[in-house]
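What follows is one structure encoded as structure tokens, with my remarks underneath.
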Amino acid sequence: MAHPAPSDTIAAIATAPGESAIAIVRLSGPDTYPLADRLFRAPPPLPSARPAGTFFRGQVIHPETSETLDDALMLLFRAPHSYTGEESVEIHCHGGSQPAQRVLEALLVAGARQAEPGEFTKRAFLNDKLDLTQAEAVLDLIHARSERAARLATAQLENALGHEIRTLYETLLALCADIEAMLDFPDDELPQSVPKELSERMSPIETGIQALLDTWHEGHLLREGARIVIAGAPNVGKSTLLNLLAGRPRAIVSPHPGTTRDTIEEFITLNGYPMHLIDTAGLRDAPGDIEQEGIRRAHQALSQADLTLCLVDASQPISQAELAFIFSHDPQKRIVLGTKADLGVVADPQQLPPLDYFPVSLIIDAPLAQIKAKIIDKVLGECPRSDHSDIAISGRHRKSLLIALDEFIMAKKRLNSGSEADFLPAALHSRAALDQLGHILGLNISDAMLDAVFSRFCVGK
Ligand SMILES: Nc1nc2c(ncn2[C@@H]2O[C@H](COP(=O)(O)OP(=O)(O)OP(=O)(O)O)[C@@H](O)[C@H]2O)c(=O)[nH]1
Ligand SMILES: [Mg+2]
């Protein structure tokens, strides 16, 4: 599906709102230089007569009132050597809420159009400056909540994932051509070994797709972060643990059971993985309305948890309700901590596998490093442990890869049958797999799919 080249000129503030030293307004499209000549007053030559890369000072003038809006700097880019691949300029004005807004409004009055979210990057994609995985990496980089997530996004921006997908795509493209060539052979002239050989050539592509799929869990963790819920009976030390992991007194801790009523969320990073910690109200048959609502919210948080830290008071016998709560969780998605071990360890949930229960004190020499290590271990699960991942796919990539793999397996089955009637379906399934790999790169992608990707961006990017 070819996408028409944009014919209008877009403008947007590219920096975050609020007080700052400078703010940047971006302008991109065919009318960039006529607009820059009209609105930017500086000593000659005019912006359009200056070379790309020039950065110079002037005043931004309102196109109708000639009022001076700001004293600013202008940076010039020329197509195709700009972020969008189009004629483009940046106006660096004073920060704060007014200057950039007034400059933007002047550009809109003069004929530019307010850019939609991600439209600059979308134009870069449409002008072949980036493939779709790189465009998505721009978004990942902006949203990165940990250094590791930023490193992954940078590697993807440098095309680590795009390169891998493109290699698979090109190998499969050649294979598709050979499968389709079989269809042109007269009935009995095709050597019997050909379908088998073609099927064997599929194996490395299948392995490649599977290897990429295996990176999804880590990619999901790095992009979305894990949701870790701290839960248990009242007074077992849930808020104490939240504060310990957060490194600050985020939640109120008190000896009175039922202190925490609402869910309390705190963001942390462990080993470079973003994590949302959620402290919850103690679970019990609640006496009051407010506590009942807190417990309802606790259950809601638990239903979305990637990992639950089930806390029990190790200095007390463990109740049937607590055991039932622990066992309601998949062992891969729970850690059972017995708190208050400094008061003596009484609770001994023998029914639990020995490695699944950790008596700790949260107030005397709390083994914070050990607790963190256990959390990371559980959250990463089967994820391959590498210090620096270059490739970890997103949900969109996974969806396409899963369909590609299905199509691939069906194509292989047809080829392996050796029956001539199966050659056409084999060719169609291989093409369908190829299309899915192409979609990851942004090839032959529908406008709706593109809009879905770019609508997640901020305006000005
Ligand atoms: N001795 C001892 N006391 C602890 C430990 N952990 C927490 N406490 C104390 O236990 C009391 C309850 O701690 P919280 O962290 O408020 O417990 P909670 O589970 O959040 O309680 P609710 O919000 O009421 O459900 C406080 O007085 C803490 O100081 C521990 O490991 N040892
Ligand atoms: Mg609490």
Side-chain angles (χ1 to χ4, degrees), residues 226-268 270 275-329 333-349 352 354-375 378:
R227 291 184 71 76
I228 300 172
V229 175
I230 308 174
N235 210 39
V236 291
K238 300 180 296 297
S239 302
T240 306
L241 179 59
L242 175 86
N243 292 347
L244 208 57
L245 289 166
R248 68 189 187 110
R250 171 72 176 84
I252 298 172
V253 165
S254 95
H256 304 293
T259 300
T260 305
R261 304 291 185 86
D262 212 341
T263 45
I264 300 176
E265 200 157 333
E266 179 75 2
F267 175 79
I268 61 166
L270 291 183
M275 312 224 172
H276 306 273
L277 287 176
I278 300 140
D279 180 22
T280 57
L283 303 171
R284 64 173 166 181
D285 288 331
D289 289 351
I290 301 173
E291 207 174 333
Q292 272 175 26
E293 173 58 16
I295 291 169
R296 193 192 64 77
R297 289 178 186 209
H299 283 295
Q300 194 179 19
L302 282 164
S303 69
Q304 296 161 357
D306 294 303
L307 175 69
T308 303
L309 306 181
C310 303
L311 267 56
V312 293
D313 181 342
S315 69
Q316 302 289 326
I318 190 163
S319 72
Q320 283 307 314
E322 285 178 312
L323 272 181
F325 175 69
I326 291 169
F327 282 115
S328 69
H329 293 88
K333 289 183 155 196
R334 71 172 186 226
I335 295 174
V336 187
L337 288 177
T339 60
K340 309 194 183 184
D342 51 291
L343 301 179
V345 178
V346 172
D348 179 19
L352 290 175
L355 283 177
D356 204 12
Y357 175 57
F358 307 105
V360 293
S361 171
L362 296 178
I363 60 168
I364 302 171
D365 296 332
L368 188 57
Q370 246 176 302
I371 296 174
K372 286 180 176 176
K374 286 182 196 313
I375 293 175
K378 281 278 161 118

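For this chain, numbers begin at 1 and follow the sequence in order. Both counts, for ligands and for their atoms, begin at 1 and track the order of listing.
Between the CG atom of L283 and the CD atom of E291 there is a distance of 10.0 Å, given to the nearest 0.5 Å. Taking CD1 from I252 and CD1 from I264, the interatomic distance works out to 7.0 Å, rounded to the nearest 0.5 Å.
Among residues at least two apart or in separate chains, side chain to side chain donor-acceptor pair (under 3.5 Å) pairs with a member in residues 359-371 are D342-S361. Sorted by first and then second residue, the salt bridge (Lys or Arg N to Asp or Glu O under 4.0 Å) pairs involving residues 236-249 (not counting sequence neighbours) are R248-E266.
When heavy-atom distances to ligand 1 are checked against 4.0 Å, the residues falling inside are P234, N235, V236, G237, K238, S239, T240, V253, S254, P255, H256, P257, G258, T259, T260, G282, K340, D342, L343, S361, L362, I363, ordered by chain and number.
At a threshold of 4.5 Å between non-hydrogen side-chain atoms, the residues V253 and T259 do not count as touching. Looking at Y357 and V312, their side chains come closer than 4.5 Å, going by heavy atoms from C-beta outward. Using a 4.5 Å heavy-atom cutoff, the side chains of L245 and I375 are in contact.
Closest approach of A301 and T280 over heavy atoms only: CB-CG2, 4.4 Å.
In this structure a side-chain-to-backbone donor-acceptor pair under 3.5 Å is missing from R334 to C310.
Near-neighbour remark for the Mg ion (ligand 2): protein N, O or S atoms under 2.8 Å are S239 OG, T260 OG1; waters not counted.
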